[in-house]
**Q** 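Sharing a structure with you now.
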Amino acid sequence: MSSALTDLCRHPIVQAPMAGGASCPQLAAAVSETGGLGFLAAGYKTADGMYQEVQQVRALTARPFGVNLFMPQPGTADPAAVDVYRHQLAGEAAWYETPLGDRDPDSDRVRDDGYEAKLAILLDDPVPVVSFTFGCPTRPVLESFTKAGTYTIVTVTTPEEAQTAQWCGADAVCVQGVEAGGHQGTHRDDPATDGCGYGLLTLLQLVRESVELPVVATGGLMRGSQIAAVLAAGASAAQLGTAFLVCPESGAHPLHKQATTNPLFVRTELTRAFSGRPARGLVNRFMREHGPYAPAAYPDVHHLTSGLRKAAAKAGDAQGMALWAGQGHRLAREMPAAQLVGVLAAETDTARAAFAHGGGV
């Protein structure tokens, strides 16, 4: 690992920030305490809610941890398309007996996810690491974090996005392959590029030949042998989300955890059905019925379907929930986060030793 990342975590293992509840303080602290780098997900939380979780992690561990922020989103959604989708979801609202969300969530706090308020808190009371998704902060913002002593990471899905991150002054990039669960962290949501994302190993090489920044690799990684593979390909660390989602410390809904390894859910797909932005999840009824018609309208669609997803969870109906998961979901192992970090680290060491001696894994 690069020296800066080595100072942050003993093992080259980063727990991905998973917005929506999975990346809770207990999970982040358990990962960091065992030598990985735990992350909180500030997405969809208020600035105060984020700060309270930061304080909880600090009470649980003295080890470094990170906070992930969503970048503000442009108001480019077509209101007519959102309205058509609203009408299509009317049957879901009737079935779950819950109203659809706000049709046009145009308040600044909703559209920018409280970005400025969260920045102010994290600059006033710095955490060791801050990462960004759905775009790249301006150079002055990243310079402010550097002055505060915070290590910054920008999620990228193309070499061009990595070049932007380097120019703006990020300390590292998190290279997200199309295999990753949850939202694709594209800087610009262009429906014309749906289905055109890079696989992790290809993207990793393209980014390494485009920028000189340290790279954290993420997307479908579930085993230490995969971590060793991306390290051999030039990554400084590997970031895993789905692998940690099923841990008992994870705040994910029990139905979500169960579905991850349930043989009824045989594959994943990228969909706009739940949020209006491409996100990979387990294919269920809601995704099949509404995915083909969902508009490119984030966060409008996210707020539109929020009540439906909560009602489905309350009813115990996984077929109506957003079951975010990476392509390797069937490899998930239910064990405490500390144990999982230890197992992954041991597997990684074994695989790297095998590589060094010319053997397989």
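Since the structure is predicted, the reported quantities are computational estimates derived from the model, not experimental observations.
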**Q** Any ring pair (Phe, Tyr, Trp, His ring centres under 6.0 Å) pairs touching residues 192-211, not counting sequence neighbours?
**A** none

**Q** Give a yes or no on whether the backbone of Ala337 and the side-chain of Glu249 come within a donor-acceptor separation of less than 3.5 Å.
**A** yes

**Q** Is it true that Tyr51 and Asp125 share a donor-acceptor pair across their side chains at a distance under 3.5 Å?
**A** yes

**Q** Are any non-hydrogen side-chain atoms of Val67 and Val54 less than 4.5 angstrom apart?
**A** yes

**Q** With a 3.5 Å cut-off and no angle check, do the side chains of Arg309 and His302 form a donor-acceptor pair?
**A** yes

**Q** Given the rule that I, L, V, M, F, W and Y join up when any side-chain heavy atoms are under 4.5 Å apart, are Leu206 and Val230 in one cluster?
**A** yes

**Q** Does any donor atom in the side chain of Arg10 or Thr34 lie under 3.5 Å from an acceptor atom in the other side chain?
**A** no

**Q** Is there a path from Met222 to Leu282 through hydrophobic residues (I, L, V, M, F, W, Y) whose side chains come within less than 4.5 Å of each other?
**A** no

**Q** Less than 4.5 Å apart, any side-chain heavy atom of Thr242 and any of Phe244?
**A** no

**Q** Any non-hydrogen side-chain atom of Val341 less than 4.5 Å from a side-chain atom of His11?
**A** yes

**Q** Taking NZ, NE, NH1 and NH2 as the nitrogens, is one of them in Lys118 or Glu116 under 4.0 Å from a carboxylate oxygen of the other?
**A** no

**Q** With a 3.5 Å cut-off and no angle check, do the side chains of Glu209 and Gln205 form a donor-acceptor pair?
**A** yes

**Q** Check for me, please, whether Met287 and Leu270 land in the same ILVMFWY cluster - side-chain distances under 4.5 Å, paths through other members count.
**A** no

**Q** Indicate the atoms forming the closest heavy-atom contact of Tyr96 with Gly320, along with that distance.
**A** OH-CA, 3.5 Å

**Q** Using a 6.0 Å cut-off, check whether atom CD of Glu334 has over 12 heavy atoms from anything other than its own residue.
**A** no

**Q** Let me confirm one number: the SG-CG distance from Cys196 to Asp190, rounded to the nearest 0.5 Å.
**A** 9.0 Å

**Q** Taking Ile121 as the starting point, is it possible to reach Met71 by hopping between hydrophobic residues whose side chains are less than 4.5 Å apart?
**A** yes

**Q** Ignoring hydrogens and angles, tell me if any N or O in the side chain of Ser32 forms a donor-acceptor pair with the backbone of Pro64 under 3.5 Å.
**A** yes

**Q** Begin with the C-alpha distance, continue with both residues' side-chain angles, and end with the deciding distance and a verdict on side-chain contact (heavy atoms from CB on, under 4.5 Å) for Val215 and Val207.
**A** CA-CA 8 Å; Val215 170; Val207 169; 4.2 Å; yes

**Q** Looking at every heavy atom in both Val154 and Gly135, which two are closest together, and how far apart are they?
**A** CG1-O, 3.7 Å

**Q** Any salt bridge between Arg285 and Glu92, counting N to O under 4.0 Å?
**A** yes

**Q** Nearest 0.5 Å, please: how far is CD in Gln163 from SG in Cys168?
**A** 12.0 Å

**Q** Do Glu161 side-chain atoms and Thr157 backbone N/O form a donor-acceptor pair below 3.5 Å?
**A** yes

**Q** Without swapping roles, check the side chain of Thr348 against the backbone of Ala228 for a donor-acceptor pair under 3.5 Å.
**A** no

**Q** Please lay out, stage by stage, how Leu240 and Ile227 fare under the test side-chain contact (heavy atoms from CB on, under 4.5 Å).
**A** CA-CA 9 Å; Leu240 294 76; Ile227 296 173; 4.1 Å; yes

**Q** For Glu347, is there an ion pair with Arg333 - N to carboxylate O distance below 4.0 angstrom?
**A** yes

**Q** Would you please classify the geometry between the Phe134 ring and the Phe70 ring as parallel, tilted or perpendicular, with 30° and 60° separating the classes?
**A** tilted

**Q** Test your reading of the model: is there a side-chain donor-acceptor pair from Tyr151 to the backbone of Gly66, 3.5 Å cut-off?
**A** no

**Q** May I ask you to test the Pro126-Thr150 pair for a side-chain heavy-atom distance under 4.5 Å?
**A** yes

**Q** Is it the case that Gln55 and Arg58 place a side-chain donor and acceptor less than 3.5 Å from each other?
**A** yes

**Q** Please name the pair of heavy atoms, one in Asp300 and one in Ala77, separated by the smallest distance, quoted to 0.1 Å.
**A** OD1-CB, 3.7 Å

**Q** If we ignore hydrogens and angles and just use 3.5 Å, is the side chain of Gln184 paired with the main-chain N or O of Pro278 as donor and acceptor?
**A** no

**Q** Locate the shortest heavy-atom distance separating Ser131 from Phe39; write the atom from each residue and the value.
**A** OG-CE2, 3.3 Å

**Q** Over all heavy atoms of both residues, which pair between Arg86 and Leu304 is shortest? Give the atoms and the distance, please.
**A** NH2-CD1, 3.4 Å

**Q** Kindly write out the residues that satisfy side-chain hydrogen bond (donor to acceptor under 3.5 Å, both in side chains) with His253, not counting sequence neighbours, or none if the list is empty.
**A** none

**Q** Is there a side-chain hydrogen bond (donor to acceptor under 3.5 Å, both in side chains) between Arg277 and Thr186 once you walk through the steps?
**A** CA-CA 9 Å; Arg277 236 184 186 276; Thr186 50; 2.8 Å; yes

**Q** For the atom pair CD (Gln319) and CG (Leu255), what is the distance rounded to the nearest 0.5 Å?
**A** 10.5 Å

**Q** Side-chain contact, heavy-atom cut-off 4.5 Å: Leu40 with Ser23?
**A** no

**Q** Can you find a pair of side-chain heavy atoms, one from Gln73 and one from Tyr298, that are under 4.5 Å apart?
**A** yes

**Q** Are Leu213 and Leu201 connected into the same hydrophobic cluster when the rule is that any two of I, L, V, M, F, W, Y join if their side-chain heavy atoms are below 4.5 Å apart?
**A** yes

**Q** Backbone N or O of Leu142 within a donor-acceptor pair of the Thr146 side chain at under 3.5 Å?
**A** yes

**Q** At their closest point, which heavy atom of Ala351 faces which heavy atom of Gly224, and how far apart are they?
**A** CB-O, 4.4 Å

**Q** What is the distance from atom OG1 of Thr271 to atom NE2 of His183, rounded to the nearest 0.5 Å?
**A** 9.5 Å

**Q** For residues His290 and Thr305, determine if any side-chain heavy atom of one lies less than 4.5 Å from a side-chain heavy atom of the other.
**A** no

**Q** Is a side-chain N or O of Thr152 found less than 3.5 angstrom from the main chain of Asp171, in a donor-acceptor match?
**A** yes

**Q** Within the side chain of Thr155, is there an N or O that forms a donor-acceptor pair under 3.5 Å with the backbone of Phe132?
**A** yes

**Q** Flag the pair Leu8 / Pro128 as yes when at least one side-chain heavy-atom distance between them is below 4.5 Å, and no otherwise.
**A** yes

**Q** Does Gln239 reach the main-chain N or O of Val216 with its side chain, forming a donor-acceptor pair under 3.5 Å?
**A** no

**Q** Go through the steps for Tyr85 and Val301 under the test side-chain contact (heavy atoms from CB on, under 4.5 Å), then give the verdict.
**A** CA-CA 8 Å; Tyr85 195 52; Val301 172; 3.7 Å; yes

**Q** Do His256 and Leu245 pass the side-chain contact (heavy atoms from CB on, under 4.5 Å) test, and can you show the C-alpha distance, the side-chain angles, and the key distance before you say yes or no?
**A** CA-CA 9 Å; His256 192 171; Leu245 186 142; 3.7 Å; yes

**Q** So does Asp194 pair up with Arg272, basic N to acidic O under 4.0 Å?
**A** yes

**Q** Within this structure, what is the CG-CG distance for the pair Asn284 and Leu264, rounded to the nearest 0.5 Å?
**A** 11.5 Å

**Q** Nearest 0.5 Å, please: how far is CG in Leu69 from NZ in Lys45?
**A** 11.5 Å

**Q** May I have the step-by-step check of ring pair (Phe, Tyr, Trp, His ring centres under 6.0 Å) for Phe286 and Phe274, ending in yes or no?
**A** CA-CA 8 Å; Phe286 194 100; Phe274 296 103; 4.7 Å; yes

**Q** Is Arg280 close enough and on-axis enough to Trp324, meaning under 6.0 Å and within 45°, for cation-pi?
**A** no

**Q** Does a side chain donor of either Glu160 or Thr164 reach within less than 3.5 Å of an acceptor in the other side chain?
**A** no

